[in-house]
Amino acid sequence: MYLLICSCTVFSSNSKKERFEPTFKAEINGELYDMSQFESHLTLPIAGTTSANGVKSLQIFCDFYSEDLYPYNESIGMSIVPWSDSSGVFRLDGDITYYNQDHYWTRKGSYYESDGDAAISSFRSPKGDQGFVTVNKETLSDGREVVYGNFEYTVVEFDLNEEVSQRVGQDTLHITNGEYRLLLNDKRNE
């Protein structure tokens, strides 16, 4: 007769994940948007990479859902195409230059409002020098990657439904004092 005594950790894959608290906040025309002021299920912060036709991109954004008007939400975001895993300061200028019909270059900021899946407003970076995003990377002790930095940019109204938008009368949005620290979701190899 054998008696086997062991701890559950013997059979675990030792993949204990380090606790991580994401950060995403900014001011829109002086009004604070901080994901920590909302319940976690009412915000969706994402930093993700993708690759299409050999062009890598980095997208950083956060959807803020209203507690009072759910499913109304606002989305603040930045797009860097192409991106080569590098850290640094990236100018957000809104220009789009097509290399061919499959490849393009863009570094822009955006702001959107929606009500569930119905678009309410769209604000985009105009052409020219309109802001920046800094990108820094670190690796947690469990191997997950984090991107973090600051951002600031201006966007102008592209499309607006005046009947339901919370931004009526604001044709330009100044997104300032932006700060983020998010897990990097790398989808380039999937």
Side-chain angles (χ1 to χ4, degrees), residues 18 20-38 43-64 74-100 102-113 121-158 167 170-189:
E18 184 176 325
F20 180 81
E21 293 292 332
T23 299
F24 194 104
K25 60 184 173 182
E27 292 179 11
I28 302 176
N29 289 349
E31 184 180 352
L32 179 64
Y33 281 82
D34 182 347
M35 68 173 283
S36 66
Q37 71 187 20
F38 299 101
T43 62
L44 178 63
I46 293 179
T49 59
T50 59
S51 182
N53 298 317
V55 177
K56 298 175 185 178
S57 68
L58 173 65
Q59 311 293 321
I60 302 165
F61 67 91
C62 187
D63 290 339
F64 295 92
E74 296 174 278
S75 179
I76 301 170
M78 287 91 34
S79 175
I80 302 170
V81 182
W83 186 62
S84 61
D85 293 320
S86 60
S87 294
V89 177
F90 298 89
R91 300 303 310 169
L92 298 175
D93 59 18
D95 289 336
I96 298 176
T97 305
Y98 287 91
Y99 294 129
N100 63 40
D102 296 324
H103 296 107
Y104 65 95
W105 177 92
T106 183
R107 291 188 175 146
K108 63 182 179 180
S110 62
Y111 170 88
Y112 298 96
E113 287 177 290
S121 74
S122 172
F123 289 74
R124 300 179 185 170
S125 295
K127 289 187 176 187
D129 190 11
Q130 298 298 325
F132 70 91
V133 58
T134 61
V135 178
N136 300 291
K137 291 175 63 177
E138 74 175 85
T139 303
L140 299 177
S141 61
D142 61 13
R144 293 179 296 168
E145 285 190 295
V146 172
V147 290
Y148 64 94
N150 301 302
F151 59 92
E152 191 166 293
Y153 59 88
T154 298
V155 289
V156 294
E157 178 187 327
F158 180 76
R167 298 290 171 189
Q170 301 178 46
D171 61 354
T172 301
L173 303 180
H174 301 286
I175 298 173
T176 58
N177 299 315
E179 179 183 329
Y180 71 95
R181 187 172 192 277
L182 303 170
L183 289 173
L184 182 62
N185 185 5
D186 192 340
K187 296 289 188 180
R188 288 175 295 169
N189 296 321

Exercise. Less than 4.5 Å apart, any side-chain heavy atom of Val155 and any of Arg124?
Worked result: no
For this session: Decide side chain to side chain donor-acceptor pair (under 3.5 Å) for Gln59 and Ser79; before the verdict, give the C-alpha distance in whole Å, the side-chain angles of both, and the deciding distance to 0.1 Å.
Result: CA-CA 5 Å; Gln59 311 293 321; Ser79 175; 3.2 Å; yes
Problem set entry | Heavy atoms from other residues, nucleotides or ligands near CZ of Phe20 exceed 12 (cutoff 6.0 Å) | yes
Exercise. Could you walk me through whether Leu92 and Lys108 pass the side chain to side chain contact (heavy atoms under 4.5 Å, CB included) check?
Worked result: CA-CA 5 Å; Leu92 298 175; Lys108 63 182 179 180; 5.6 Å; no
Exercise. At what distance, to the nearest 0.5 angstrom, does CG of Leu182 lie from OG1 of Thr23?
Worked result: 7.5 Å
Problem set entry | Closest non-hydrogen atom pair between Ala26 and Ile175, with its separation | CB-CG2, 4.0 Å
For this session: Quick one: pull up CD in Glu27 and CG in Asp34 and give me the separation to the nearest 0.5 Å.
Result: 10.5 Å
Problem set entry | Shortest non-hydrogen contact from Val135 toward Ser86 | CG1-O, 4.1 Å
Exercise. Say you draw a straight line from CZ of Phe90 to CG of Leu58; how long is it, rounded to the nearest 0.5 Å?
Worked result: 7.5 Å
Exercise. Quick one: are Phe24 and Ile76 in side-chain contact, heavy atoms under 4.5 Å?
Worked result: yes
Exercise. Which distance, rounded to the nearest 0.5 Å, do you find between the OG1 of Thr176 and the CG of Asn150?
Worked result: 11.5 Å
Exercise. Between CD of Glu152 and CG of Asn177, what distance do you get to the nearest 0.5 Å?
Worked result: 6.5 Å
Seminar exercise, completed: d(Ile80 CD1, Ile60 CD1) to nearest 0.5 Å is 5.0 Å
Problem set entry | Test item: Ser125 side-chain N/O and Gly109 main-chain N/O as donor-acceptor pair under 3.5 Å | yes
Seminar exercise, completed: Between Phe132 and Arg91, the two heavy atoms sitting closest are CB-NH1, 3.8 Å
Problem set entry | Stepwise side chain to side chain contact (heavy atoms under 4.5 Å, CB included) check, Tyr180 with Val133 | CA-CA 10 Å; Tyr180 71 95; Val133 58; 3.9 Å; yes
For this session: Return the set of residues passing side-chain contact (heavy atoms from CB on, under 4.5 Å) with Glu113 (not counting sequence neighbours), or none when no residue passes.
Result: Tyr72, Glu74, Tyr111, Ile120, Ser121, Leu160, Ser165, Gln166, Arg167
Seminar exercise, completed: Scanning both residues in full, the closest heavy-atom pair of Asn136 with Ser87 reads CA-OG, 3.7 Å
Problem set entry | Smallest separation among heavy atoms of Gly77 and Tyr153, with atom names | O-OH, 2.9 Å
Exercise. Taking all atoms of both residues into account, what is the closest heavy-atom pair of Phe151 and Lys25, and its distance?
Worked result: CZ-O, 3.7 Å
Seminar exercise, completed: Sequence neighbours excluded, the answer for side chain to side chain donor-acceptor pair (under 3.5 Å) partners of Ser75 is Asp63
